[in-house]
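Notes follow the structure.
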Amino acid sequence: MDTHLDRQHLGKRHPYRRHTYKQRPYKQRPCKQGVTAESGMTLIETLLVMVLIGMMTTWGLSSWRSYQQALQLEQSAQQLLAFLTTQQADANWRNESVVLWVKQGKGGCVGTHAVSQECANAGGRVFRLPYSSVSLSDFSANSMGFYGLRNAALPGHIRLSSNAGSVRVILSARGRLRLCSEKQQVLGIGVCAQ
């Protein structure tokens, strides 16, 4: 691409610029000082990158698992609270007392009316835990229930537990139902006041 004009101005100053005309190589540009055209990542650098990616993946998976467990615990507690609220409204509407029974452990359940040995065969209204990772770990020693139009209740609590923590569903004597988590907050459920 050399033209007569390029050879003529080589080494002279450009009329409008401070630099001079230089001959530019068209085939291959020179590399920076100390860097060859064939440089790349070494084996150690590649291994280091792979180790970092592995560590970040492991951390991400464990965080995702713990989030899933906390989410399942929160959803189970919310569903149990909704079940109990429905039982309370039904007792008020029918003006009758409703006493609750609880089967503890993994696959536990909460029901009304006749007590059953197994949750699968229980009659009446029954709440079964939706996730196998969540268990009914504790139930207040006294019976829990609702008293019709008086809008009062037998106070007590039910504790749900998983690897993410534990949540209590609390029923007060005035019929107020609420959720609180023990020791540490579980997603949107606040810590119980001591």
Side-chain angles (χ1 to χ4, degrees), residues 55-194:
M55 288 171 51
M56 289 172 40
T57 303
T58 304
W59 174 79
L61 284 175
S62 67
S63 294
W64 181 78
R65 277 192 207 114
S66 63
Y67 173 74
Q68 288 296 317
Q69 289 171 346
L71 187 63
Q72 289 175 356
L73 179 61
E74 182 198 26
Q75 288 178 350
S76 297
Q78 293 288 353
Q79 289 176 16
L80 177 58
L81 183 68
F83 172 78
L84 294 175
T85 303
T86 303
Q87 297 312 308
Q88 183 180 29
D90 192 46
N92 289 341
W93 181 68
R94 294 176 188 265
N95 191 21
E96 63 184 24
S97 296
V98 174
V99 178
L100 301 171
W101 54 265
V102 174
K103 292 293 176 191
Q104 296 181 16
K106 289 208 180 270
C109 56
V110 178
T112 61
H113 305 299
V115 179
S116 176
Q117 296 299 323
E118 293 187 27
C119 294
N121 300 332
R125 296 184 189 102
V126 178
F127 169 78
R128 292 174 186 84
L129 289 173
Y131 302 103
S132 61
S133 63
V134 179
S135 66
L136 277 162
S137 59
D138 187 30
F139 176 61
S140 53
N142 60 339
S143 297
M144 234 174 113
F146 306 103
Y147 296 125
L149 286 179
R150 290 174 279 175
N151 202 20
L154 264 165
H157 71 273
I158 300 171
R159 182 179 297 133
L160 302 175
S161 299
S162 76
N163 291 338
S166 60
V167 174
R168 265 195 281 171
V169 180
I170 301 172
L171 174 61
S172 70
R174 293 190 175 194
R176 179 177 174 229
L177 285 162
R178 64 187 176 95
L179 294 174
C180 66
S181 59
E182 297 179 340
K183 296 179 185 173
Q184 63 182 12
Q185 184 171 350
V186 176
L187 297 183
I189 301 172
V191 179
C192 299
Q194 298 295 334

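Model, not experiment: these values are computed from the prediction. For the numbers below, each heavy atom of this structure counts, side chains included, while hydrogens, waters and symmetry mates do not. We count residues from 1, following the sequence as given.
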Any idea which heavy atoms bring Ser76 and Val134 closest together, and the distance? OG-CG2, 3.8 Å

Please check: side-chain N/O of Ser181 versus main-chain N/O of Ile189, any donor-acceptor pairing under 3.5 Å? yes

From Val167, Ile170, Val102, residue fulfilling side-chain contact (heavy atoms from CB on, under 4.5 Å) relative to Ile158: Val102

Does Thr112 offer a backbone N or O that forms a donor-acceptor pair with the side chain of Trp101 under 3.5 Å? yes

Is there a side-chain contact between Gln72 and Ser162, using heavy atoms and a 4.5 Å cut-off? no

If I take atom CG from residue Leu84 and atom CD from residue Gln79, how far apart are they, to the nearest 0.5 angstrom? 12.0 Å

Backbone N or O of Arg168 within a donor-acceptor pair of the Glu182 side chain at under 3.5 Å? no

Quick one, Pro155 and Ser172 - any side-chain contact, counting heavy atoms below 4.5 Å? no

Can you check whether Ser63's main-chain N or O pairs, donor with acceptor, with Ser66's side chain at less than 3.5 Å? yes

Side-chain contact test, heavy atoms from C-beta onward, threshold under 4.5 Å: evaluate it for Phe146 versus Leu171 and give yes or no. yes

First locate atom CG of Asp90, then atom OG1 of Thr85, and finally report the distance between them rounded to the nearest 0.5 Å. 12.5 Å

Student check: side-chain heavy atoms of Phe83 and Thr86 closer than 4.5 Å: no

Determine whether Asp138 and His157 make a side-chain contact, defined as any pair of heavy atoms from C-beta on separated by less than 4.5 Å. yes

Contact between Tyr67 and Leu187 at the side-chain level, heavy atoms closer than 4.5 Å - yes or no? yes

Is any side-chain heavy atom of Tyr147 less than 4.5 Å from a side-chain heavy atom of Leu154? yes

Note: Leu129 and Gly105 closest approach over all heavy atoms is CD1-O, 4.3 Å

Which heavy atom of Glu74 sits nearest to which heavy atom of Gly188, and what is that distance? OE2-N, 3.7 Å

Donor-acceptor pair, distance only, cut-off 3.5 Å: does the side chain of Gln87 make one with the backbone of Gly111? no

With heavy-atom distances below 4.5 Å as the criterion, would you say the side chains of Val98 and Arg125 are in contact? no

Kindly compute the distance separating CZ (Arg159) from CG (Leu136), expressed to the nearest 0.5 Å. 11.0 Å

Closest contact, heavy atoms only, Gly175 versus Gln88: O-NE2, 2.6 Å

With rounding to the nearest 0.5 angstrom, report the CG to CZ distance, Leu80 to Arg128. 13.5 Å

